[in-house]
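Before any comments, here is the structure.
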There are 4 protein chains.
Amino acid sequence: MTNLVTDFKAQMALARRNQILQGAAQVFAEKGFHKATTKQIAKTAGVSEGTIYNYFKNKRELLFALLDMVGTQPLQSIVHEAPPNDPRAFLTTLMHNRYQLLKTHGPLLAPIMAEIFTDSTLRSEVYDMLIVPMAKLVEQYFQTQVDDKRFRSINVMIITRTLVGALSFNMIFKLSNIDPRYAQISEDEMIEEIVTLFLDGILAT
Amino acid sequence: MTNLVTDFKAQMALARRNQILQGAAQVFAEKGFHKATTKQIAKTAGVSEGTIYNYFKNKRELLFALLDMVGTQPLQSIVHEAPPNDPRAFLTTLMHNRYQLLKTHGPLLAPIMAEIFTDSTLRSEVYDMLIVPMAKLVEQYFQTQVDDKRFRSINVMIITRTLVGALSFNMIFKLSNIDPRYAQISEDEMIEEIVTLFLDGILAT
Amino acid sequence: MTNLVTDFKAQMALARRNQILQGAAQVFAEKGFHKATTKQIAKTAGVSEGTIYNYFKNKRELLFALLDMVGTQPLQSIVHEAPPNDPRAFLTTLMHNRYQLLKTHGPLLAPIMAEIFTDSTLRSEVYDMLIVPMAKLVEQYFQTQVDDKRFRSINVMIITRTLVGALSFNMIFKLSNIDPRYAQISEDEMIEEIVTLFLDGILAT
Amino acid sequence: MTNLVTDFKAQMALARRNQILQGAAQVFAEKGFHKATTKQIAKTAGVSEGTIYNYFKNKRELLFALLDMVGTQPLQSIVHEAPPNDPRAFLTTLMHNRYQLLKTHGPLLAPIMAEIFTDSTLRSEVYDMLIVPMAKLVEQYFQTQVDDKRFRSINVMIITRTLVGALSFNMIFKLSNIDPRYAQISEDEMIEEIVTLFLDGILAT
DNA sequence: TATGAATGAGATTTCATTCAT
DNA sequence: TATGAATGAAATCTCATTCAT
């Protein structure tokens, strides 16, 4: 068997794997992890139930595989994209980047988030894959700014979590339809408001 | 049948209802909603499976009932407890209050949170019951401060969600064991750091 | 709840358990363990599939439970029934007893025997439950006879297994329809032939 | 196409067939018939799953084919090898021969035996292939000895089954590890004990 | 002929809910 | 009202077999 054939087969396998993942993503997004049945996933993906198990050990592995898809999102570049001496630009860029990530993968992340509260393995995985990279990046950035006296003395760990939580919460409100008032605010406005808060606080000057 | 007897019966029924809810709370906290079985709940509560269905329509209603228990937490008092002209005191008091709430009900809230991502009814209920009261309170407070020129002009809606998100995220980190560094920070320190951020921002002066 | 009620319930439970075991026995006998489905067993027993699992942890436990039924067969009495000084009577009685056991439980033992070759746990259980008691009894009897000089010096372990094997094999032939010639031989004749072989050997005198 | 080519092809096909059977034998021996998967057999044999079905109609045919391999064991020669007038030599030779057969094919015979209890076709086949040839041979030998007055008058059919059962049972004990005491007895001793029993019985003289 | 991906029927097991006592 | 045995739908996963390449 030549390499060409091998490559072709590998391509096909990858395509089929993705086909299944797409189906799983869709059904998970619609029904959540538990109410999504393998039968439904198979039907949506256009394969038989058995085929799913040729590519994934079990239903849970589908969730992990989907997480991997989301997790492999570039983040490091932000450090270089934004001018290092302009914290406003940095934070703004970072937040837009995360917003786009959630906008893209939001429906998929919901069932993953749901499982997080129950499944400690998944919890660790999400933490290591989605939280840690961002947190580390932001912490380091904050520390640098503190060292350079551009930021006052802060607990970078807490402030970082504060940032992540603040952003996440607002994103969820903006991307969901919970509060209709959010529809009237643009992504830019929302992010600017948060950035300004972090930089200047809310006290009148 | 006299009122006395009726009352006694009602009391018994209420007691039995609570008994069941205690059992459900415990098992939900341990196993999460889906892996909690009614058999297990019945055993933990010390009743039979059938009895559960005399007090609750189905397993899902147990979750809603538990949410009601958590939701009926006093919050309004904070406004009066803290001096209205001292935003730092207000925010600090508020945050401690919420922290205590999560500390008390955290294990029970986890399975509820997990279901939120799947169950839109539950989502609305949690939103109306836990988020809205706090959000409304904080929004009003913020608006007052803005009107009184103590706060600069802000989008109170966004800043409020930012506050809630920031606090929630930090609380989760502190109450879980995800990041060991959080163990070395006291509740007071954590809340102070967040409050200061909100009031002053992070820029060096 | 009075003891009467408890007893009644226990009786019912035992009856239901037996009802299921009867169904399992029948289906196992017809189809063998692997081809017997729980659905079929449930139908035959006249209960729902779920009910089976209220009484037995899994399908395999049905097999073990059936084995227990077969295993609890009296054997010790033989020692006392037969005159101790009459080896011919002892062996004859023993063999008839075992023959009756197999005649009664044969169809049920077949699927158990089949699993023995695959399932080492079952193998041990059958060995301990069916082989060991008989073997021990016979070995002791043989040893006594040797000590009393009624038997020549023999390896009681081997001779015992020889006896068990010899009897088992003949019983299987007699109870199955493999060899039609066996139909023309009575149980008495068969056992007498074997007993005489053991006592006298086959050499012409 | 010449005969040479045809022959070559036939040789290849036979080789491939054997290759598959070797794999099947190994996996059946390890896992038993039911737990052996065609995937595992294919891997062990070094072929693809599909190829198996080019040579065998289904998984069950593999078992039958393996049985054929075991069954084609020479036995007739024994009659000529052992001095006809020396029953002890004859029985001893016969038993050693069967013991070697089981020693060689034992692991493979186990899964076959397991299926016997369920599969009547297999049962007949094993009977015709393994039991009948030996039984017939032994029966004839016994009859001759009876006719020659070297053996007393016996039911050759029963005594033959007795012999086969006696030997089989002891062999299984010796080849398995069920009873550790069997490890301390040599093959020679075991067989001699059985032979002596058959010839002389166990009564003290 | 060889491959191995795809199939899909079918099996075991779980568990929320019902209902006769 | 309390019980808990019975239910049976439904879900996951396995694996012998097929078939396009």
Side-chain angles (χ1 to χ4, degrees), chain A residues 1 5 8-9 12-13 15-17 19-20 34-43 46-62, chain B residues 9 12-13 16 20 34-43 46-62, chain C residues 1 5 8-9 12-13 15-17 19-20 34-43 46-62, chain D residues 9 12-13 16 20 34-43 46-62:
Chain A
M1 193 185 289
V5 173
F8 176 73
K9 282 202 167 180
M12 288 297 293
R16 186 56 57 98
R17 204 187 119 97
Q19 182 187 357
I20 293 167
H34 280 103
K35 286 183 192 150
T37 66
T38 51
K39 177 174 259 181
Q40 175 77 290
I41 292 169
K43 195 179 170 188
V47 298
S48 73
E49 274 190 271
T51 300
I52 294 176
Y53 290 87
N54 287 337
Y55 291 86
F56 300 93
K57 221 180 73 198
N58 52 40
K59 190 184 165 188
R60 202 155 149 271
E61 291 294 318
L62 285 171
Chain B
K9 279 201 166 187
M12 287 300 292
R16 184 58 59 99
I20 293 167
H34 280 104
K35 286 184 191 152
T37 65
T38 50
K39 179 174 238 166
Q40 175 78 291
I41 291 169
K43 192 179 169 189
V47 300
S48 73
E49 276 189 272
T51 300
I52 294 176
Y53 288 84
N54 287 334
Y55 293 85
F56 301 93
K57 218 182 77 197
N58 53 37
K59 188 183 166 189
R60 195 157 151 270
E61 291 295 319
L62 285 171
Chain C
M1 192 185 289
V5 173
F8 177 72
K9 282 201 167 183
M12 287 300 291
R16 185 57 55 99
R17 202 187 120 97
Q19 181 185 359
I20 293 167
H34 280 104
K35 284 183 193 152
T37 67
T38 50
K39 175 174 262 181
Q40 176 76 291
I41 292 169
K43 194 179 169 186
V47 298
S48 72
E49 275 190 271
T51 300
I52 295 176
Y53 291 86
N54 287 337
Y55 292 85
F56 301 93
K57 219 181 72 198
N58 52 39
K59 190 182 165 190
R60 200 155 151 271
E61 290 295 318
L62 285 170
Chain D
K9 280 200 165 186
M12 287 298 293
R16 183 58 59 100
I20 293 168
H34 279 103
K35 285 184 191 153
T37 66
T38 50
K39 178 173 240 168
Q40 175 78 291
I41 292 170
K43 192 180 170 188
V47 299
S48 72
E49 275 189 275
T51 301
I52 294 175
Y53 289 84
N54 287 334
Y55 293 87
F56 301 92
K57 217 182 77 195
N58 52 38
K59 188 182 167 189
R60 198 157 150 269
E61 290 296 317
L62 285 170

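Below, chain A is the first sequence line, B the second, and so on; all start at residue 1. Fair warning: this is a prediction, and the values are worked out from it, not measured in the lab.
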How long is the straight-line distance from [atom2] of [Y] back to [atom1] of [X], given to the nearest 0.5 Å?
X      : Y      : atom1 : atom2 : value
R17(C) : L62(C) : CZ    : CG    : 9.0 Å
T38(A) : E49(A) : OG1   : CD    : 4.0 Å
Q19(C) : M12(C) : CD    : CE    : 8.5 Å
K43(A) : T37(A) : NZ    : OG1   : 9.5 Å

Of all the nucleotides listed ([options]), which has the minimum atom distance to the side chain of [X]?
X      : options                   : value
S48(B) : dT12(E), dG4(F), dA16(F)  : dG4(F)
V47(A) : dT12(E), dT7(E), dG4(F)   : dT7(E)
T37(C) : dA2(F), dA11(E), dT13(E)  : dA11(E)
T51(B) : dG4(E), dG8(F), dT3(F)    : dT3(F)
T38(B) : dT17(E), dT12(F), dT13(E) : dT17(E)

What's the [atom1]-[atom2] distance between [X] and [N], to the nearest Å?
X      : N       : atom1 : atom2 : answer
K35(C) : dT14(F) : NZ    : P     : 22 Å
I20(A) : dT7(E)  : CD1   : C1'   : 12 Å
K9(A)  : dA2(E)  : NZ    : P     : 14 Å
N58(B) : dT18(E) : CG    : P     : 9 Å
K57(B) : dT18(E) : NZ    : C1'   : 15 Å
R60(C) : dT13(E) : CZ    : C1'   : 16 Å
Q40(A) : dT12(F) : CD    : C1'   : 15 Å
L62(B) : dA16(E) : CG    : P     : 10 Å

Considering every strand shown, what is the Watson-Crick or G-U wobble mate of dT21(E) when both distances are under 3.5 Å?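 WC or wobble partner is dA2(F).
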NA contact type, A36(A), heavy-atom cut-off 4.0 Å: base, sugar-phosphate, or nothing? sugar-phosphate
Which part of the nucleic acid, if any, lies within contact of Y55(D), taking any heavy atom under 4.0 Å across all strands shown: a base, the sugar-phosphate backbone alone, or nothing?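 Answer is sugar-phosphate: Y55(D) comes under 4.0 Å of backbone atoms only.
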Has [X] got a side-chain N or O lying under 4.0 Å from the OP1 or OP2 atom of [N]?
X      : N       : value
R16(B) : dA2(F)  : yes
K59(A) : dT12(F) : yes
Y53(D) : dT17(F) : yes
N54(B) : dT1(F)  : no

Given E61(D) and Y55(D), is the side-chain contact (heavy atoms from CB on, under 4.5 Å) satisfied, shown in steps? CA-CA 9 Å; E61(D) 290 296 317; Y55(D) 293 87; over 6 Å; no
Nearest non-hydrogen partners of I52(D) and V47(D), listed with the distance: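 Residues I52(D) and V47(D), closest heavy atoms: CG1-CG2, 4.3 Å.
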By nearest-nucleotide position on DNA chain E, the 5'-leaning member of E49(C) and G46(D) is G46(D)
